[in-house]
There are 2 protein chains.
Amino acid sequence: MSLQEATEMTLDNPRETFQQFLTSKGLRVTNQRIAIFDAAYDAEDHYTAEDLLDRSRKIDSSVSRATVYRSLPILVESGMIREVDVGLDNKYYLANRETRTFQAQVIDADNDKIYEVDAPFMEWYGKTVCERLGMEPVAMRLQVTARKINPSKD
Amino acid sequence: MSLQEATEMTLDNPRETFQQFLTSKGLRVTNQRIAIFDAAYDAEDHYTAEDLLDRSRKIDSSVSRATVYRSLPILVESGMIREVDVGLDNKYYLANRETRTFQAQVIDADNDKIYEVDAPFMEWYGKTVCERLGMEPVAMRLQVTARKINPSKD
DNA sequence: TTGGTTGCAAACAATTTGCATCTAA
DNA sequence: TTAGATGCAAATTGTTTGCAACCAA
């Protein structure tokens with residue numbers, strides 16, 4: 001395996017990417033941070049801080065609630081997960097795997113389940129809205145609360 | 001003044017409208033609720049529950065924090081005010097005067113100031129996003145965090 | 001070696017609730 | 001008259017913080 005191949009492999013491995021992020025910021029690579037990262041990046045769906053604590057502890061039982069809360073902003077800043085605050089009781093988080101187009105959230109009004117939906121031209125739309133105020137978008141979110149049209153089947 | 005004129009006047013008066021809402025729901029018209037309503041509907045800008053408590057107390061000093069919190073959902077349900085949760089530390093509220101087109105929120109990333117902006121075709125867009133999931137929109141929100149393009153002047 | 005990191009428990013801040021009292025209808 | 005509404009203070013919930021012990025670099 002060439003050095004170049006090794007480098008590429010490394011960059012393909014999300015955990016390595018996260019470790020490099022930590023190092024580049026002068027932060028330490030601790031067992032707890034790796035356990036929390038693995039739990040956070042593996043998850044299929046949205047999760048709360050408390051969910052993440054449970055999942056992290058299955059990997060490293062020493063993980064504390066405080067460390068989860070202290071790690072979440074780091075994970076978000078690294079771009080490996082996204083934060084989604086839809087105004088429910090707590091904030092939700094989500095692994096940020098391939099997605100690059102803008103995502104909208106649809107919240108089922110009957111069970112608070114969150115769906116992520118591609119909304120590509122949202123980007124342009126947000127920019128338009130900002131222009132009227134002489135501003136430029138830093139982040140944007142379309143959030144739709146909705147209800148199943150035919151609730152016979154759930 | 002005819003009876004018809006009197007009725008029209010009544011319906012034009014927001015406080016009367018709110019009182020009628022209370023009565024129609026079998027809720028009592030109390031001094032505190034009216035004071036809170038007046039404070040809430042008069043406000044020019046967004047406000048928090050705590051802001052509203054201060055404003056209400058200037059009208060009726062007996063208003064308690066608990067009553068403000070208990071009244072807010074009623075005010076929202078009456079349609080006289082709107083709730084805007086942009087994921088900042090607390091929820092914001094806003095008098096809902098004439099507006100009928102869809103509103104987007106632009107949050108200044110530098111000072112957390114919230115701007116309400118008309119976004120009429122959002123309505124259609126939200127519906128489109130929902131259709132893919134076999135749902136219909138109950139409420140929707142476009143929220144854009146943005147920054148002044150030329151921050152020389154604030 | 002040593003400054004960043006951790007777990008713990010206490011602290012916080014926003015909101016909700018139990019209860020005795022009050023009051024609109 | 002009486003069920004709904006209120007004020008107060010205590011409780012709850014999600015999150016943050018101070019601090020002594022710990023450990024990655």
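A note on names: the letters A, B, ... follow the listed sequences, proteins ahead of strands, and every chain is numbered from 1. In what follows, every heavy atom counts, from backbone to side chain, and hydrogens, waters and symmetry copies are set aside.
- Whole-Å rounding puts the A/Q19 CD to D/dA24 C1' distance at 13 Å.
- One can place CZ of B/R65 at 12 Å from P of C/dA13, the figure rounded to the nearest angstrom.
- Whole-Å rounding puts the B/K25 NZ to D/dG4 P distance at 15 Å.
- Comparing B/L27 and B/A66, the nucleotide of DNA chain D nearest to each residue sits closer to the 5' end for B/L27.
- Of the residues near DNA chain C, B/A49 and B/N31, the one whose nearest nucleotide (by heavy atom distance) lies more toward the 5' end is B/A49.
- Atoms CG (B/L88) and C1' (D/dG14) sit 16 Å apart, rounded to a whole Å.
- B/Y69 has no side-chain polar atom (N or O) that falls below the 4.0 Å cut-off from OP1 or OP2 of C/dT16.
- Taking every side-chain heavy atom of A/R28 into account, C/dG4 is the closest of C/dG4, C/dT17, C/dT23.
- In this structure, B/I74 atom CD1 and D/dA5 atom P are separated by 7 Å, rounded to whole Å.
- Between the P atom of D/dT15 and the CG atom of A/L72 lies a distance of 9 Å, rounded to the nearest Å.
- A donor and an acceptor atom, one from each side chain of A/Q143 and B/Q143, are nowhere located under 3.5 Å apart.
- Taking the six-membered ring where the residue is Trp, B/F18 and B/F37 present parallel rings, their angle staying beneath 30° rather than reaching 60°.
- Proximity of A/T30 to the phosphate of C/dT6: a side-chain N or O atom is located under 4.0 Å from OP1 or OP2.
- No hydrogens or angles considered: a donor-acceptor pair under 3.5 Å links the side chains of A/T101 and A/D118.
- A donor-acceptor contact shorter than 3.5 Å links the side chain of B/S71 to the backbone of B/T67.
- For C/dT23, neither phosphate oxygen OP1 nor OP2 lies less than 4.0 angstrom from any side-chain nitrogen or oxygen of B/Q32.
- Across the protein-nucleic acid pair, A/L52 atom CG and D/dT15 atom P stand 12 Å apart, rounded to whole Å.
- Applying the 4.0 Å criterion to OP1 and OP2 of C/dT5, one finds that A/R33 has a side-chain N or O inside that range.
- Nucleic acid contact class of A/R70 (heavy atoms, under 4.0 Å, all strands): base.
- One atom, CG of B/D60, and another, C1' of D/dA5, lie 13 Å apart when rounded to the nearest Å.
- Within the model, atoms CG of B/D54 and CG of B/D51 stand 6.5 Å from one another, a figure rounded to the nearest 0.5 Å.
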